[in-house]
Amino acid sequence: MKNLIKIAAAGLMSFNFISYASADSNVLRDAGFSLEGMEAPAAPIPAVEAPAQAAQDQDVDFFRYFGYAETPRATELLMEKSMKGINDTVFSIDLATIRNAYLKPSVSFTTGKGTKVHVSGSKASNCPDGGNGCADKDKFFLVLTTSRNESYFVRGTEIINWGIFMSGSKTVTIDGEKFVVKIKANASTPENSMLEVKGPRGVALNTSLKSVGDGVAAKGVDVKLAKNYKLAYGNEIVQGPQGAKFTDKMLVLLIPFPVVDATSYFIFKTADIKPSGVTFPSFEKGFGFKLEGTSLDIYRL
C-alpha cells in the first residue's frame, strides 16, 4: 500500500508540476520522500502577470492627443489653371516669420540661472530604426527648447510610468543642472497623463499632455478652408538609435483646430509646393498652394 502511495505522489509531481516549495513537507515525508538534495522547479508565474500581459496587448498610445500624421501627395497644376484663381487668395503668410515657433509654447519652466525652457511635443518623420514600419507613438518626442534656441529631444516611450507595467525617465542637463523628465500615464484618458520635470530645487513643471498639445497648436496661425486649422512651419525631425535631430528640410503643418483627440494632422513638404502652384486632392479639394521663397499663398481653384 505504501508503494502505491509513493507511485501516486510521484505521478502527481511529474505530470501536474506541483512545486516542492509549496507542497506540505509532512505529507511528502509520510509518503517516504525527502526534499534534501532535490532541486525545486520554478514556482508558477504569479497571477499578476496576466493583467500585465493584457495591458501590453492593449498597446495604449499615450500620445494620440497629438494626432496622427498624414502626408498628402502634391499634384502640380498647369500654369493656366493655377493662375486662374490666384486672385481668390484665402490665406497668405511669410513662413519665415513663424519658423519653429511651435517649439516655444507657453508651457515652460526656468532653470536656476533664469533660462526659460519651453516644452513642446512633435513627431519624427521616421521610426527609431530609421524606417517607417512603427506605430505613431514610437515617433513621438518631447522637445525642450531654451530661450537660447537649444533643443533637447526626449523620446516619449522611454519616460512613461504606468503602474507596474512601465517605468522610465530621462535626465537632461541644462545650465549645468540636471532635470529628470517623466510622464505619469493615465491609460483611460491618455491626454490627462501628467508630465513632470524635476530639477535640483524640486518639481519645475507638472502639467498634462493635453496642455502641451494645446500649447503647441496655439502657436500656429489660423487658417480657414473647408475646416479650421492652425498652420505651423518648421524643420523636419528625424530619429535613429542615438536619438533625434533636425534636418534642413522644411515642413508646413496644418492642424485641425480646436484640437480633437486622435485626429489627423497634415504635413506638406515645402519642396513639393511649386511657385506655379500645386493641389493636394486627398487633403481638401478646390484649393491651390503656391510657394515662392518663404511666401505661401493658399487660394481657391
Side-chain angles (χ1 to χ4, degrees), residues 51-72 100 102-103 105 107 119-145 151-172 179-197 207-217 232 234-247 249-256 259-269:
Q53 183 61 49
Q56 292 177 7
D57 291 342
Q58 291 176 10
D59 196 23
V60 180
D61 182 357
F62 291 103
F63 312 109
R64 71 188 189 195
Y65 189 74
F66 290 81
Y68 299 110
E70 292 188 17
T71 306
N100 292 324
Y102 80 93
L103 294 175
V107 179
V119 181
S120 62
S122 188
K123 291 182 179 180
S125 61
N126 63 344
C127 300
D129 63 0
N132 281 293
C134 65
D136 259 56
K137 64 185 178 66
D138 295 318
K139 299 179 180 180
F140 182 81
F141 283 84
L142 285 171
V143 187
L144 278 55
T145 303
S151 288
Y152 302 84
F153 297 89
V154 178
R155 193 187 304 277
T157 53
E158 292 182 350
I159 60 172
I160 290 290
N161 291 264
W162 181 23
I164 62 173
F165 310 132
M166 298 179 180
S167 178
S169 66
K170 176 72 176 289
T171 300
V172 178
F179 293 91
V180 179
V181 185
K182 61 174 59 177
I183 292 172
K184 297 177 181 178
N186 183 328
S188 58
T189 51
E191 66 272 22
N192 291 335
S193 298
M194 299 302 293
L195 167 66
E196 179 189 88
V197 180
T207 192
S208 68
L209 288 182
K210 181 180 185 300
S211 70
V212 176
D214 290 347
V216 170
N235 293 78
E236 175 193 44
I237 296 173
V238 297
Q239 63 172 320
Q242 304 306 315
K245 63 180 181 179
F246 292 115
T247 74
K249 295 180 181 179
M250 303 305 297
L251 306 173
V252 171
L253 280 68
L254 282 173
I255 307 164
V259 176
V260 178
D261 180 26
T263 190
S264 292
Y265 64 96
F266 301 91
I267 298 176
F268 306 92
K269 300 175 182 178

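Everything numeric in this text was worked out from a predicted model, so none of it was measured.
- Not counting sequence neighbours, the partners of F140 by the ring-ring contact (aromatic ring centres under 6.0 Å, His included) test are F63, F66.
- Under the side-chain contact (heavy atoms from CB on, under 4.5 Å) criterion, K245 pairs with V238, not counting sequence neighbours.
- Contacts of D129 classified as salt bridge (Lys or Arg N to Asp or Glu O under 4.0 Å), with partners at least two apart in sequence or in another chain: none.
- Residues satisfying the ring-ring contact (aromatic ring centres under 6.0 Å, His included) test with Y68, not counting sequence neighbours, are none.
- Rounding to the nearest 0.5 angstrom, the gap separating the CD atom in E191 from the CG atom in L209 is 9.0 Å.
- Listed by chain and number, the residues in a side-chain contact (heavy atoms from CB on, under 4.5 Å) with N100 are Y102, L103, N235 (sequence neighbours excluded).
- In terms of the side-chain contact (heavy atoms from CB on, under 4.5 Å) criterion, residue partners of N192 (sequence neighbours excluded) are, by chain and number, N186, T189.
- Taking 4.5 Å as the limit, some side-chain heavy atom of L142 sits within range of a side-chain heavy atom of I159.
- Evaluation of the ring-ring contact (aromatic ring centres under 6.0 Å, His included) rule for F268 yields F280, F283, F289 as partners, not counting sequence neighbours.
- Annotation: salt bridge (charged side-chain N to carboxylate O under 4.0 Å, His left out) contacts involving residues 208-217, sequence neighbours excluded, comprise K210-D214.
- Residues that satisfy the ring-ring contact (aromatic ring centres under 6.0 Å, His included) test with F179, not counting sequence neighbours, are F109.
- Every salt bridge (Lys or Arg N to Asp or Glu O under 4.0 Å) that K123 has, sequence neighbours left out, goes to D136.
- Considering CG of L195 and NZ of K182, their distance stands at 11.5 Å, rounded to 0.5 Å.
- The salt bridge (Lys or Arg N to Asp or Glu O under 4.0 Å) check on E70 picks up nothing, with sequence neighbours excluded.
- Rounded to the nearest 0.5 Å, atoms NZ (K184) and CE (M194) are 8.5 Å apart.
- To the nearest 0.5 Å, the span separating OG1 on T71 from CD1 on I267 amounts to 4.5 Å.
- Annotation: side-chain contact (heavy atoms from CB on, under 4.5 Å) contacts of S211 (sequence neighbours excluded): V107, T207, S208.
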Any chance you could lay out the side-chain contact (heavy atoms from CB on, under 4.5 Å) test for L144 and F153, step after step, and finish with the verdict? CA-CA 7 Å; L144 278 55; F153 297 89; over 6 Å; no

